[in-house]
Q: 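Would you mind keeping the following structure in view while I ask a few things?
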Amino acid sequence: GQSLEQPSEVTAVEGAIVQINCTYQTSGFYGLSWYQQHDGGAPTFLSYNGLDGLEETGRFSSFLSRSDSYGYLLLQELQMKDSASYFCAVHSGYSTLTFGKGTMLLVSP
Amino acid sequence: DSGVTQTPKHLITATGQRVTLRCSPRSGDLSVYWYQQSLDQGLQFLIQYYNGEERAKGNILERFSAQQFPDLHSELNLSSLELGDSALYFCASSPPNSGNTGELFFGEGSRLTVL
């Protein structure tokens with residue numbers, strides 16, 4: 001089976017940098033994705049790491065270490081609109097995604 | 001707008017009843033996934049279909065069933081409903097090459113309330 005661990009809540013101020021960690025245990029691993037969800041809305045895709053290293057997309061970056069079964073999402077220049085839940089998700093064959101329980105990010109002025 | 005359409009958006013029903021949730025994937029996407037999200041919980045994978053065939057099954061209860069039709073839309077049937085089935089049910093779709101990008105496109109969800 002699969003299990004993922006990520007912090008339940010992170011707080012930060014506008015303009016700051018925050019890192020959300022994710023550790024996983026899985027049988028069969030193809031990659032790690034990150035999704036953002038605002039207030040029960042549709043989860044939206046942020047990034048994907050299939051190989052070790054850093055992927056950068058604007059203010060967001062994601063990192064993967066397959067040997068450590070570890071990844072993180074880095075959010076820079078935080079804005080109020082970044083307040084949301086962030087989910088890491090493991091890909092394990094046939095594009096099946098297993099999600100973590102999510103990290104609620106609260107950005108304050 | 002992801003291009004994935006789910007109906008109904010909201011549904012209130014009683015224990016013991018049966019409901020059907022419907023999902024239309026994005027044009028060209030062959031895979032459909034169903035996820036359940038309960039209050040303060042992550043997204044629990046239920047089932048995946050690819051071009052009409054069941055591809056993977058997660059923690060789906062025996063009271064729940066799903067299918068994908070020839071036009072690729074999918075339906076999730078929930079029967080003998082219990083209070084604990086109250087949740088957001090999301091459908092997602094992915095293109096044939098999603099293994100390279102890891103991206104699923106989620107609908108807005110169907111919020112089921114069982115009273």
Side-chain angles (χ1 to χ4, degrees), chain A residues 1-9 20 22-24 26-51 53 55 57 60 62-64 66 71 73 84-104, chain B residues 1-6 9-10 23 25-26 29-51 53-60 86-113:
Chain A
Q2 288 86 23
S3 69
L4 297 95
E5 294 289 332
Q6 54 181 126
S8 59
E9 188 174 304
I20 299 174
C22 174
T23 57
Y24 59 87
T26 180
S27 53
F29 178 83
Y30 289 81
L32 189 71
S33 289
W34 289 90
Y35 283 76
Q36 179 191 61
Q37 185 183 33
H38 282 100
D39 278 337
T44 56
F45 173 82
L46 292 177
S47 69
Y48 173 75
N49 294 75
L51 301 173
E55 294 284 339
T57 309
F60 294 178
S62 59
F63 172 83
L64 174 66
R66 295 170 75 115
L73 179 70
S85 291
Y86 293 84
F87 295 87
C88 60
V90 165
H91 292 256
S92 52
Y94 296 127
S95 296
T96 300
L97 270 184
T98 301
F99 284 80
K101 293 195 172 183
T103 298
M104 183 176 294
Chain B
D1 183 1
S2 68
V4 177
T5 303
Q6 289 188 246
K9 288 187 176 8
H10 300 276
C23 169
R26 295 187 326 151
D29 287 358
L30 302 180
S31 284
V32 168
Y33 309 75
W34 286 98
Y35 284 86
Q36 178 194 56
Q37 186 175 37
S38 302
L39 191 65
D40 296 330
Q41 292 294 311
L43 291 144
Q44 299 291 319
F45 170 66
L46 296 179
I47 199 163
Q48 177 199 359
Y49 283 85
Y50 179 84
N51 203 21
E53 302 277 331
E54 182 183 304
R55 176 64 67 88
K57 187 177 277 192
N59 299 320
I60 188 167
S86 295
L88 259 175
Y89 290 85
F90 285 103
C91 170
S93 72
S94 64
N97 65 343
S98 64
N100 298 325
T101 66
E103 183 169 8
L104 298 191
F105 296 86
F106 281 81
E108 293 295 324
S110 293
R111 183 175 294 280
L112 173 66
T113 302

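These numbers come from the heavy atoms of this one structure, side chains and all, not from hydrogens, waters or symmetry mates. Here is how names work: the chains are called A, B, and so on, in the same order as the sequence lines, proteins then strands, and each is numbered from 1.
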Q: Are the side chain of A:Gln6 and the backbone N or O of A:Tyr86 linked by a donor-acceptor pair below 3.5 Å?
A: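 Yes, A:Gln6 side chain to A:Tyr86 backbone: donor-acceptor pair under 3.5 Å.
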
Q: Taking all heavy atoms of B:Phe90 and all of A:Pro43, pick out the closest pair and write down the distance.
A: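 Taking B:Phe90 first and A:Pro43 second, the nearest heavy atoms are CE2-CD, 3.8 Å.
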
Q: Name the region of B:Leu43, side chain, backbone, both or neither, that has any atom closer than 4.5 Å to a heavy atom of chain A.
A: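 Contact with chain A is through both the backbone and side chain of B:Leu43.
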
Q: Does any N or O in the side chain of B:Tyr35 come within less than 3.5 Å of the main-chain N or O of A:Leu97, such that one atom is a donor and the other an acceptor?
A: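 Side chain of B:Tyr35 to backbone of A:Leu97, a donor-acceptor pair under 3.5 Å: yes, one is there.
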
Q: Do any N or O atoms from the side chain of A:Glu5 and from the backbone of A:Thr23 form a donor-acceptor pair under 3.5 angstrom?
A: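 Pair absent, no side-chain N/O of A:Glu5 close to backbone of A:Thr23.
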
Q: Tell me, side chain or backbone of B:Gln44 under 4.5 Å from chain A's heavy atoms, or both, or neither?
A: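 No part of B:Gln44 comes within 4.5 Å of chain A.
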
Q: Below 4.5 Å, heavy-atom pairs only: which of B:Phe106, B:Tyr50, B:Phe45 has the largest tally toward chain A?
A: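 Looking at each of B:Phe106, B:Tyr50, B:Phe45 in turn, B:Phe106 comes out on top.
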
